[in-house]
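Single-structure report; data block below.
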Amino acid sequence: MPKPRTLALLVVVAHWIVAVWHLFLAANVLPAPNSNVSWVAIILISSGHLCVSIALWKLSDKLAGTVSLIFFLCALGADLYEHFLHSSPNNILMVAAGNWTAWFDASVVVLLALEILACSLGILLLGGWPTPRTAM
């Protein structure tokens with residue numbers, strides 16, 4: 001079984017790939033003027049993922065878990081708000097039907113799953129899940 005740190009690194013890379021792909025899908029789904037890819041967003045997303053990757057590679061388990069957990073909790077909160085709670089064209093329930101809508105919705109769900117997995121791995125790096133006490 002791979003270590004949580006190795007799995008977390010793989011999840012960071014997968015999340016980065018899907019997040020960048022998601023930006024291109026959003027450009028195909030959203031109406032103008034939001035129908036282009038922001039290179040600043042790509043640079044910021046890539047920088048954040050690079051920092052988390054370096055933290056997972058170089059820092060102790062507790063520090064790496066803290067950095068990873070903070071990063072992915074922020075991403076999870078933004079994802080939930082932007083695509084499920086906020087009333088906007090980015091909400092998966094309000095996206096205009098088109099050729100790219102299913103791919104956009106799928107990328108949102110994959111990002112959400114990766115963020116939940118990354119938060120779980122961050123908790124494992126912090127010291128694991130608390131174990132319930134057994135009766136004697």
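Small disclaimer: the values here were computed from a predicted structure and weren't measured.
L56 and F72 fall within the same hydrophobic cluster, where Ile, Leu, Val, Met, Phe, Trp and Tyr residues are linked whenever their side-chain heavy atoms come under 4.5 Å apart, directly or through other members. By the criterion of side-chain heavy atoms lying less than 4.5 angstrom apart, applied directly or through intervening Ile, Leu, Val, Met, Phe, Trp or Tyr residues, V20 is not grouped with V40; the two fall into different hydrophobic clusters. Both W100 and W21 are part of a single hydrophobic cluster, where members link through side-chain heavy atoms under 4.5 Å apart. L10 and L50 are members of different hydrophobic clusters when ILVMFWY side chains are connected at heavy-atom separations under 4.5 Å. No continuous path of ILVMFWY side-chain contacts below 4.5 Å connects L7 to V67, so the two sit in separate hydrophobic clusters.
Of all heavy-atom pairs spanning S53 and V12, the tightest one is OG-CG1, 3.3 Å. In this structure, A64 and A55 approach most closely via the heavy-atom pair CB-O, 3.4 Å. When all heavy atoms are compared, the tightest approach of A118 to S68 is O-OG, 4.1 Å.
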- Query: Step by step, would you call I42 with F24 a side-chain contact (heavy atoms from CB on, under 4.5 Å)?
  - Reply: CA-CA 10 Å; I42 289 177; F24 284 95; 3.8 Å; yes

- Give the intermediate values and the outcome of side-chain contact (heavy atoms from CB on, under 4.5 Å) for residues L9 and T6. CA-CA 5 Å; L9 261 169; T6 305; 5.7 Å; no

- Query: Can you check side-chain contact (heavy atoms from CB on, under 4.5 Å) on L23 and I45, steps first, answer last?
  - Reply: CA-CA 10 Å; L23 288 177; I45 287 171; 3.6 Å; yes

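For the atom pair L44 CG and S38 OG, the distance stands at 7.5 Å (nearest 0.5 Å).
Under a 3.5 Å cut-off, the side chain of R5 and the backbone N or O of L125 do not form any donor-acceptor pair.
Residues passing the side-chain hydrogen bond (donor to acceptor under 3.5 Å, both in side chains) test with S46 are W16, sequence neighbours excluded.
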Can I get a per-line list of side-chain donor-acceptor pairs under 3.5 Å for residues 101-115, giving both atom names and the distance, sequence neighbours left out?
from : atom 1 : to   : atom 2 : distance (Å)
T101 : OG1    : A96  : O      : 2.8
T101 : OG1    : G98  : N      : 2.9
T101 : OG1    : G98  : O      : 3.4
S107 : OG     : H22  : ND1    : 2.7
S107 : OG     : F104 : O      : 2.7
E115 : OE2    : H15  : NE2    : 2.9

